[in-house]
Amino acid sequence: MDFLEGLNPQQREAAAHVEGPLLILAGAGSGKTRVITHRIAHLIHQHGVPGLAILAVTFTNKAAEEMRNRIISLLAKAGESSTPLVSTFHSFCVRLLRRDGAGLAAIRPGFTKTFNIYDDDDQISIIKSIYRGLGLDETFMKYRAALSAISHGKNQQETPQDFYKRATDPKLSRLAVIYEKYEEKLRQSNALDFDDLLLESVRLLRHDAVVREAWNRRIQFLMIDEYQDTNRTQYELMRLLTGAKHNVAVVGDEDQSIYGWRGADIRNILDFERDFPNAKVIRLEQNYRSTKNILEAASAVVANNKNRKGKWLWTDSGQGTKIGLYEALDAENEALFIADTIEKFLAQDPTERVAVLYRTNFQSRQIEEALRRYGRKYIVVGGFSFYQRAEVKDVLSYLKAVASPQDSISLLRIINVPARGIGKTTVEQIEQYALENGLSVWSAVGRMLDEHMFPGRAEASLNVFRRTMEELGDATKTHNVAEVLRLILDRTGYLQMLEAEATPESETRRENLNELVNAALEAAERGESVNEFLDHAALVSDADQVDTQAQVSLLTMHNAKGLEFPIVFIAGLEEGLFPHSRSVVGTPDAMEEERRLCYVGMTRAEKRLFLTWARSRRKWGGGPSEPSIPSRFLNEVPKDLLDRLRAAAGISQMDLLAERAYVRETARKNVYTGKTYNSVENISQFFNERGVQPAAAKPAVAQVPAAKPALGARPPVKKKPFGAGSTVQHPSYGRGTVLRKEGEGDDTKLTVSFPGYGLKKIIAKYAGIKIDE
DNA sequence: CGGTTTTTCGTTTTT
DNA sequence: CGAAAAACCG
């Protein structure tokens, strides 16, 4: 078995490379994933490198999973079963810290391996509470802006004191204080934010020679994908992990660097040759994805950037169709044009896959409405995800607080949910006391209760709360994740609260929680601890939820990174929207990043590319319609590659009002509407895909990406009670057909199709359904 | 204290 | 237009 076969000369050279640093400059669609997977397979098979000695880092969990599967199936052909470690930086760091992090306590007092991970929302809560303490509000600075400044500081290894020292205005010195308090709160809660996961891993490796050397021995080969979007900390991590060997291969494309705003440092890739003077550099410039027209157009746009290494992609494929340019009257018309055109393509070939890309998430709504007008199914990537839903966050916060009471943010989130008489003033008192005495909220509550510092009513409520939490805490010692979750739902009165509400919304929330219990059940079966379960929930990203099989996908260009679609629309090419207004007034670098984003968007297309803009657009619903100027990027596409399109007749008379109401309504009720976005189906899929280490569980055989049956398609019918094909009666959805049954007894899970409500995943015991003979 | 209503305010991109 | 904060009321 020769894994170098079938590669072009440059790919082959890259895949055959063994020792020493390697920089692969891989243009869009040049087969870089192929190179990475084949190189790893080659190392294992030809050079006898054990899988465990190879670490490959990707940008998303999804990409990691796909890469792992591809390597496994490649190796299976050669009869090998060794699997490399494939992971994101963040997941890798969590593992590292949970396994080997004990030594960190020496330099981060209070740290234990059962640390918590604080996500975006948690971070915002911290900032809010600090603002409150300082008597500030968002007029001082946006919560997010403060967070982002702190994050940048952290990644530049700047301390609050450094902030203070370089402060030239009162704003920055205030920010220094906020930064300091922010760090304090994290430590107090034994929590790490996303930056810390990387930063503390770096500190651990620096500080703990035993751990560092163990990893240096273990990792013989390191590969990093999407290297252009790594930040300085990730760079440090790379250097620490490779040790003296320098067997590091990075793959990237400076023209696709689109995360500068998040701290990605384009110098990492631009300076690689300086950092590793003996590095071999290989350019992959043959594009296998797009037609000539698309490639030329995209290249012409990005050629306007100064900050690049410079390369020119070429392709063997045909000229293809010209790029469609559509000038819409307004945003609604733009959306209708897109939906109408999609419809025409899909009528011709129902197996086609289409993506609609945009700069900002809010643009999706109008396009959704238009697609609904045509009754076309679609998925939206990003926006509101499962684990961000209030009820899911609530219950996960309970789980966190129960598992580690020092986690103040989680505790504060749920201290009065459901309402149990611990009101605003009481909570403020507690926070104040905690602050003054350097205690966590939990400790503060304990101390204050012991000293009878509360008025009678609050004291009673808090006593009950304390006892409940303690009981639940004990339960974690003897019960698995799923059981603890159920206890939480039951003992805290959360489920009761939802039952009492008895609205369609509360019903949906209960179902989401059922789904969470399902996920926990599966985690428990895999033997995952509470912490592992929570880690997965914290590290899932929007991009992990992309369903590559979906017919029509709506997503931001950022989320489209690494994906490809036969047909691509890029909507909203207007000055101020794309390029975004903030980049227009910003530095030239910011504009170059916007242009790279445009390049990324355009190069997602295989066969057809459409660029659209609206002559006027209203900012918010009822506001005035404002005239727009076509995006400068449109002018950068050579005219002879463009085909100016006119709207199909009929579009202009279409009314989206009904659809608007419908999209809103269904989004609110979270009911299946044809989009799997937020649907129960999608949620379970997302949990199923998470964090399963397939090495042992799955046979090492070529795996076609789990072909989900087309929605509405029926699996083979088996007639058994609750079995596939039987009908059931549900209290609120009425009668439905069982599509799938998993598990037995109390834990039986059913996937049921209810007319008018779509697919629902249900736990038979909880949903109170009856077999309908 | 807790739930409801009114007002304000504002939209990048996210591991 | 919609989310989140603020004001208001029982």
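Heavy-atom basis, side chains included; hydrogens, waters and symmetry copies ignored. Chain A is the first sequence line, chain B the second, and so forth, proteins listed ahead of strands; every chain is numbered from 1. Nothing here was measured: the structure is a model prediction, and the numbers come from that model.
Thr60(A) comes within 4.0 angstrom of nothing in the nucleic acid, heavy atoms only. Backbone-only engagement by Ile422(A) is indicated by non-hydrogen atom pairs under 4.0 Å involving sugar-phosphate atoms exclusively. Counting non-hydrogen atoms under 4.0 angstrom, Asn61(A) reaches nothing in the nucleic acid. Residue Lys561(A) is classed as having no contact, given no heavy-atom separation below 4.0 Å to the nucleic acid.
With rounding to whole Å, Phe578(A) atom CZ is found 17 Å from dT11(B) atom C1'. Regarding Asn559(A), its CG atom lies at a distance of 6 Å from the P atom of dT15(B), rounded to whole Å. One can place CZ of Phe89(A) at 20 Å from P of dT14(B), the figure rounded to the nearest angstrom. Atoms CG (Asp120(A)) and P (dT14(B)) sit 11 Å apart, rounded to a whole Å. Counting to the nearest Å, the C1' atom of dG2(C) and the NZ atom of Lys619(A) are 16 Å from each other. Glu626(A) places its CD atom 15 Å from the C1' atom of dC1(C), with the value rounded to the nearest Å. When rounded to the nearest whole Å, the span between CG of Asp193(A) and P of dT14(B) equals 18 Å. Rounded to whole angstrom, the span from the NZ atom of Lys62(A) across to the P atom of dT15(B) amounts to 14 Å.
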Checklist entry - Are Met557(A) and Ile570(A) close enough, and set up right, to give a side chain to side chain contact (heavy atoms under 4.5 Å, CB included), and what steps lead you there? => result CA-CA 9 Å; Met557(A) 280 173 277; Ile570(A) 302 181; 4.1 Å; yes

Checklist entry - Would Arg232(A) and Asn268(A) satisfy side chain to side chain contact (heavy atoms under 4.5 Å, CB included), going step by step from the backbone distance to the final call? => result CA-CA 7 Å; Arg232(A) 225 46 202 170; Asn268(A) 285 356; 2.4 Å; yes

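For the pair Asp193(A) (side chain) and Asp195(A) (backbone), a donor-acceptor distance under 3.5 Å is present.
Among dT14(B), dG2(C), dT11(B), the nucleotide with an atom closest to any side-chain atom of Trp620(A) is dT11(B). Of the candidates dT15(B), dT13(B), dA5(C), dT13(B) carries the atom nearest the Asn361(A) side chain, counting heavy atoms from C-beta on. In the set dG2(B), dT15(B), dT14(B), the nucleotide with an atom closest to the side chain of Ala419(A) is dG2(B).
For the pair Lys424(A) and His558(A), nearest-nucleotide mapping onto DNA chain B gives the more 5' position to Lys424(A). Residues Thr556(A) and Arg457(A) each lie close to DNA chain B; by heavy-atom proximity, the contact nearer the 5' end of the strand is made by Arg457(A).
Note on ring orientation: taking the six-membered ring where Trp is involved, the planes of Trp261(A) and His558(A) are perpendicular (angle over 60°, cut-offs 30° and 60°).
Summarising the geometry of Ile422(A) relative to Ile415(A), their closest heavy-atom pair is CD1-O, 3.5 Å, with the distance given to 0.1 Å.
Pair check for dG3(B) finds dC8(C); Watson-Crick or G-U wobble, both atom distances under 3.5 Å. For dT13(B), there is no paired nucleotide, since no Watson-Crick or G-U wobble pair has both relevant distances below 3.5 Å.
Both stacking criteria are satisfied for Trp261(A) over the base of dT13(B): a centre-to-centre distance under 5.5 angstrom and an angle between ring planes under 30 degrees.
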